[in-house]
Every structure is written in C-alpha cells, then in structure tokens.
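This report concerns only the one structure given below.
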Amino acid sequence: MFHSICKTLLHSRNHNPSMVLPLILRYFSIDADNRHSFTLSYLTKTCGLSPKSALSASKIVQFKSSEQPDSVLSSFQKFGFSKIQISGMIRKFPNILCCDLEKTISPKFEFFLSRGASTPELVKIFTANPWILKSSLENQLVHTFNILIELFQSEDKAIEAVKQNPMALCLNPETRLIPNINTLRENGVPESYILWLISKQWQCIGEIPVKFEKIVEEVKEMGFSPLKSHFVEAIVVLIRVSKSKRDGRVEVYKRWGWSDKDITIAFKKFPRCMAISDHNIMDTMDFYVNKLKLESSVIVNCPSLLGYSLKKRLIPRGTVLQFMSSKGLVKLDSRVSNMFICSERCFLEKYVKCHEEAPHLIKLYNHNLSLSDTRKSGKDEE
C-alpha cells in the first residue's frame with residue numbers, strides 16, 4: 001500500500017515534487033502513532049500489563065495487528081502458563097511477543113521435555129527467565145546443558161540446577177563457567193561446593209574470570225580453607241556485596257562495640273554477616289543486646305545468630321526466653337545461642353515442654369508466631 005501511495009505521488013502532475021517528502025514523513029508518523037496506540041492497548045487489555053509497564057514495553061516492541069502476539073499467547077497457554085505468568089514474562093522480556101512459535105519457542109520446549117523436564121518444571125524455568133527464548137538452542141542451550149550434565153553426572157540434577165537458577169543456561173561455558181570452575185579446582189575446592197555455586201549462585205560462578213580469580217586469592221589470603229564451605233560462601237559475599245557496602249557494614253558493627261579483630265572473626269565464621277543489610281544488622285543487634293541484655297561478644301563468637309529472621313524466629317523464641325528468665329527457668333547468657341540455632345522441634349522439646357509452665361510457654365510462642373504471619377501479610381517484604 002505504501003509503495004502504491006509513493007508511486008502515485010511521484011507521478012502525479014498535480015503534486016509538486018518538493019511536497020512528496022513531507023507527505024511520506026506524515027504517512028510514517030501517522031502509521032507509527034497507530035502502531036504505538038494499538039500496542040499500548042494490546043499490552044494492557046490483552047496481556048494484563050500496567051500502563052507503566054505497557055509504556056516501557058511499547059518502546060521495545062510494536063505491532064499493527066494482534067495476529068503475531070495472539071499466536072504467542074495462545075502457545076504459552078497451551079503449554080500451561082497462567083495469564084499472570086505470561087504477563088510477568090512479557091514485562092521482563094517484551095520481545096517474547098515477536099518470537100517465532102515454530103523456530104524459537106516450540107523447539108526449546110521440546111528439547112527440555114526430551115531431556116526429562118516436566119511441563120510444570122519448564123513453566124517455572126521460562127517464567128523465571130524468559131530471556132532463554134532469545135538464546136540459540138544448539139549453540140547455547142544444548143551446549144551448556146550438556147556441560148551441566150557432565151558436571152552433575154545426571155540429567156535430573158542438571159534439570160534441578162536449571163530450575164533453581166535458569167540463568168545458568170545463559171552463561172558462556174568457554175569464557176565464564178569453565179575458567180572459573182578450573183580456578184576453584186586448582187585451589188582444591190571440593191566438587192560438591194563447586195556444584196553448589198552452579199546451582200545456587202550462577203551470578204558468582206559466571207563472574208568475569210580475571211575478577212573471579214582475584215577474589216579467590218583474596219579469600220585465601222584471609223585464611224579461609226578451600227576445603228570448607230565458608231570458602232565459597234566468602235567468595236559469594238565478595239562478589240555480590242560491593243566494597244563500599246562492606247565498609248559501611250564494618251562501621252555498623254563498630255557501633256555495637258566490635259573491633260576490627262571481632263569483625264574478622266565473625267566474617268570467617270559466618271561470611272554472610274557482610275551481606276546483611278545495615279537496617280537488619282541494627283534491628284537484630286538491638287534485639288540481642290538491648291532486649292535480651294546479651295553481651296555483644298556473644299554475637300561475635302556465634303555470628304550465625306545474625307542470619308535468622310527477627311519476626312519468624314528471634315522474637316517468638318526471645319519472648320519465651322524472657323518469660324522463662326523472669327521465672328528463673330533459664331539464664332540469659334552465651335548459652336542461649338543454642339536455643340536460637342536449634343530446630344523448632346528441638347527448641348520445644350528440649351527447652352519448653354520440659355517445664356511445668358509448658359502450656360503457657362507454648363501458647364506464648366504460638367501467639368508471637370501468628371503475629372509474625374500477620375505482620376508479613378500486612379506488609380510487603382523484600
């Protein structure tokens with residue numbers, strides 16, 4: 001149609017040639033406006049995106065009719081995706097609406113199904129990482145998946161790793177994954193810890209090799225043993241938490257009387273203490289020191305106490321311990337750390353049910369647990 005219009009304008013005696021370009025540009029402008037308007041409407045009404053998300057997506061994809069996106073939506077619904085899941089994928093990766101069903105979407109589903117993945121597992125994988133659809137099946141996905149099978153010595157375990165971290169499939173094996181795995185092996189890290197990194201921390205195992213190797217050396221210089229899990233945990237923290245944030249956390253801990261030596265001791269025992277937000281550190285330390293009246297040194301010697309949920313574990317158990325302390329049933333000293341670390345079953349059996357006040361203690365404990373659920377449902381948490 002556009003070709004016909006141009007031909008008519010260029011050969012018409014009634015049109016000045018200098019007027020042709022403005023008319024053509026106007027045609028493009030009107031056409032673009034129509035496509036943008038249709039795209040916005042489709043993204044909000046059919047795809048379920050918010051106006052803000054639709055506007056953002058419309059800067060990436062636009063279409064004149066619903067034929068192409070309709071076929072994509074229909075295919076995902078047939079695969080078992082819910083409308084909410086489809087909307088989430090479009091929000092993350094708008095180009096998904098332009099994917100070719102036969103060349104791009106179906107072959108990837110068929111590949112993973114042939115390797116033992118179930119349809120619900122695939123829904124989970126693609127919902128979490130729709131960018132997989134833009135990766136080459138043969139050159140990227142099949143190649144990387146075969147390497148994962150070789151590493152895990154099992155298709156099922158490879159699928160499980162992909163389920164937990166779908167982006168692992170998007171790592172470049174030759175330039176990222178394999179060099180970093182070799183660095184860990186050369187430093188004596190057990191294979192089980194390497195596989196843990198692949199399954200749980202793909203961002204870290206996929207770090208730029210030069211930076212990864214430098215961090216491994218830094219962790220070694222701190223005195224971590226490559227044979228212990230804390231070695232890879234420290235690597236994760238140093239990769240994921242910037243130096244400026246770590247420096248800030250050092251200052252937060254110093255507010256509670258910790259020395260540089262204390263902080264080093266705590267980090268070596270529980271590397272994740274440097275990955276906890278400043279706000280959570282302050283709240284948790286306030287609970288231990290000001291509410292339970294524990295010495296700050298108790299936390300230095302058992303820094304894993306910082307890793308528990310204040311609402312779900314510390315407050316419910318702490319309330320019970322405070323009541324027990326008031327009755328002389330327990331002394332709030334360094335030994336209470338065991339009461340927070342142990343499982344719920346152990347806590348109730350070993351420290352609660354053995355007392356005459358057990359019915360009241362259990363009621364108090366359950367009440368605070370229910371309060372934590374109420375707080376969670378009433379407020380979005382990160």
So Tyr351 and Tyr365, ring pair (Phe, Tyr, Trp, His ring centres under 6.0 Å) or not? Walk me through it.
CA-CA 12 Å; Tyr351 300 108; Tyr365 177 69; over 10 Å; no
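- No hydrogens or angles considered: a donor-acceptor pair under 3.5 Å links the side chains of Gln140 and Thr144.
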With side-chain hydrogen bond (donor to acceptor under 3.5 Å, both in side chains) as the criterion, how do Asp70 and Ser66 come out once you've worked through the C-alpha distance, each side chain's angles and the decisive distance to 0.1 Å?
CA-CA 6 Å; Asp70 277 350; Ser66 65; 2.9 Å; yes
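- Note on Met282: it clusters hydrophobically with Met274, by side-chain heavy-atom contacts below 4.5 Å among ILVMFWY residues.
- Between the NZ atom in Lys269 and the OG1 atom in Thr264 there is a gap of 12.5 Å [rounded to 0.5 Å].
- Between the side chain of Arg176 and the backbone N or O of Pro209 there is no donor-acceptor pair closer than 3.5 Å.
- The two residues Ala54 and Leu43 make their nearest non-hydrogen contact at O-CD1, 3.4 Å.
- In the displayed structure, Lys350 atom NZ is contacted under 6.0 Å by at most 12 heavy atoms of other residues, nucleotides or ligands.
- Checking side-chain atoms of Asn187 against main-chain N and O of Val189 turns up no donor-acceptor pair under 3.5 Å.
- Atoms CG and NZ, on Leu238 and Lys211 in that order, are 9.5 Å from each other to the nearest 0.5 Å.
- The side-chain heavy atoms of Ser309 and Leu314, taken from C-beta on, include no pair separated by under 4.5 Å.
- Phe152 and Ser199 get closest at one heavy-atom pair: CZ-OG, 3.3 Å.
- Between Arg185 and Glu191 there is a salt bridge, since a side-chain N of the basic residue sits under 4.0 Å from a carboxylate O of the acidic one.
- Here the closest heavy-atom approach between residue Pro173 and residue Pro179 is recorded as O-CD, 3.7 Å.
- Taking the six-membered ring for Trp and the full ring otherwise, Tyr193 and Phe231 have centroids separated by 6.0 Å or more.
- Side-chain contact between Trp196 and Val236 is present, with heavy atoms from C-beta onward closer than 4.5 Å.
- Glu121 has no carboxylate O lying under 4.0 Å from a charged side-chain N of Lys124, or vice versa, which leaves the two without a salt bridge.
- Looking only at atom types and distance, the side chain of Thr284 has no donor-acceptor partner in the side chain of Asn280 under 3.5 Å away.
- The structure places OG1 of Thr46 at 9.5 Å from CD1 of Ile90, a figure rounded to the nearest 0.5 Å.
- With Glu357 as reference, Leu329 is the one residue of Val352, Ile362, Leu329 to meet the side-chain contact (heavy atoms from CB on, under 4.5 Å) rule.
- Here the side chains of Leu184 and Asn180 are not in contact, with every heavy-atom distance at 4.5 Å or above.
- Listed for the Ser296 side chain is a donor-acceptor partner under 3.5 Å among the backbone atoms of Trp256.
- Linking ILVMFWY residues whenever their side-chain heavy atoms come closer than 4.5 Å, directly or via other members, leaves Ile208 and Ile205 in distinct clusters.
- Ring-centre distance between His230 and Phe270: not below the 6.0 Å cut-off.
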Given Ser53 and Ser56, is the side-chain hydrogen bond (donor to acceptor under 3.5 Å, both in side chains) satisfied, shown in steps?
CA-CA 5 Å; Ser53 295; Ser56 177; over 6 Å; no
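- Side-chain contact check for Leu369 versus Glu344: some heavy-atom pair is nearer than 4.5 Å.
- Although no hydrogens or angles enter the test, the distance criterion places a donor-acceptor pair under 3.5 Å between the side chain of Asn368 and the main chain of Leu364.
- Ser58 places a side-chain N or O within donor-acceptor distance of the main-chain N or O of Leu55, the cut-off being under 3.5 Å.
- The closest side-chain donor-acceptor pair between His143 and Asn139, if any, does not fall under 3.5 angstrom.
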Residue pair Asp262, Lys254: steps toward the salt bridge (Lys or Arg N to Asp or Glu O under 4.0 Å) verdict
CA-CA 9 Å; Asp262 290 333; Lys254 285 185 175 181; over 6 Å; no
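- For Ile178 against Glu174, the heavy-atom pair with the smallest separation is CD1-OE2, 4.3 Å.
- Side-chain heavy atoms closer than 4.5 Å link hydrophobic residues (I, L, V, M, F, W, Y) into clusters, and following such links, possibly through other members, connects Leu101 to Ile86.
- Looking at Arg345 and Glu349, their side chains come closer than 4.5 Å, going by heavy atoms from C-beta outward.
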Test log, rule side chain to side chain contact (heavy atoms under 4.5 Å, CB included), inputs Ile105 and Phe76
CA-CA 9 Å; Ile105 298 176; Phe76 277 112; 3.8 Å; yes
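- Looking at Ser370, its side chain does come within 3.5 Å of a backbone N or O of His367 through a donor-acceptor pair.
- Screening Leu122, Leu141, Val142, Leu169 for a side-chain contact (heavy atoms from CB on, under 4.5 Å) involving Lys108 leaves a single residue, Leu141.
- In terms of hydrophobic clustering, with Ile, Leu, Val, Met, Phe, Trp and Tyr side chains grouped at heavy-atom distances under 4.5 Å, Leu227 and Ile235 are assigned to different clusters.
- Residues Ile96 and Val61 are not in side-chain contact: their nearest non-hydrogen atoms beyond the backbone lie 4.5 Å or more apart.
- In this structure, Ser82 contributes its side chain and Gln85 its backbone to a donor-acceptor pair below 3.5 Å.
- A distance of 10.0 Å separates CE of Met222 from NZ of Lys268, quoted to the nearest 0.5 Å.
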Any chance you could lay out the side chain to side chain contact (heavy atoms under 4.5 Å, CB included) test for Leu294 and Val289, step after step, and finish with the verdict?
CA-CA 5 Å; Leu294 295 177; Val289 176; 5.7 Å; no
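- Within a 6.0 Å radius of NZ in Lys157, no more than 12 heavy atoms belonging to other residues, nucleotides or ligands are found.
- Taking the six-membered ring for Trp, Phe267 and Phe224 have ring centres closer than 6.0 Å.
- In this structure, the ring of Phe79 has its center no less than 6.0 angstrom from the ring center of Phe126.
- Atoms CD1 and CG, on Ile198 and Leu151 in that order, are 4.5 Å from each other to the nearest 0.5 Å.
- Side-chain contact between Val330 and Met339: present, with at least one pair of heavy atoms (C-beta onward) separated by less than 4.5 Å.
- No donor-acceptor pair closer than 3.5 Å links the side chain of Glu213 to the backbone N or O of Val210.
- Of all non-hydrogen atoms in Glu233 and Pro271, the two that sit nearest each other are OE1-CD, 3.8 Å.
- Between Trp258 and Tyr253, the two ring planes are parallel [angle under 30°; tilted spans 30° to 60°].
- The closest side-chain donor-acceptor pair between Ser71 and Ser74, if any, does not fall under 3.5 angstrom.
- Proximity of a side-chain donor or acceptor of Glu155 to a complementary backbone N or O of Ile149 within less than 3.5 Å is not detected.
- A salt bridge is defined here as a Lys NZ or Arg NE, NH1 or NH2 lying under 4.0 Å from an Asp or Glu carboxylate O, and Lys220 with Glu217 meets this definition.
- Atom-to-atom distance recorded for Glu207:CD and Ile239:CD1 is 5.0 Å, nearest 0.5 angstrom.
- Counting all heavy atoms, side chain and backbone alike, Ser87 lies closest to Leu49 at O-CD1, 3.9 Å.
- With Phe145 as the aromatic partner, Arg115 does not meet the cation-pi criteria of under 6.0 angstrom to the ring centre and within 45 degrees of the ring axis.
- For Arg249 (side chain) and Cys273 (main-chain N/O), no donor-acceptor pair under 3.5 Å exists by modelled atom type.
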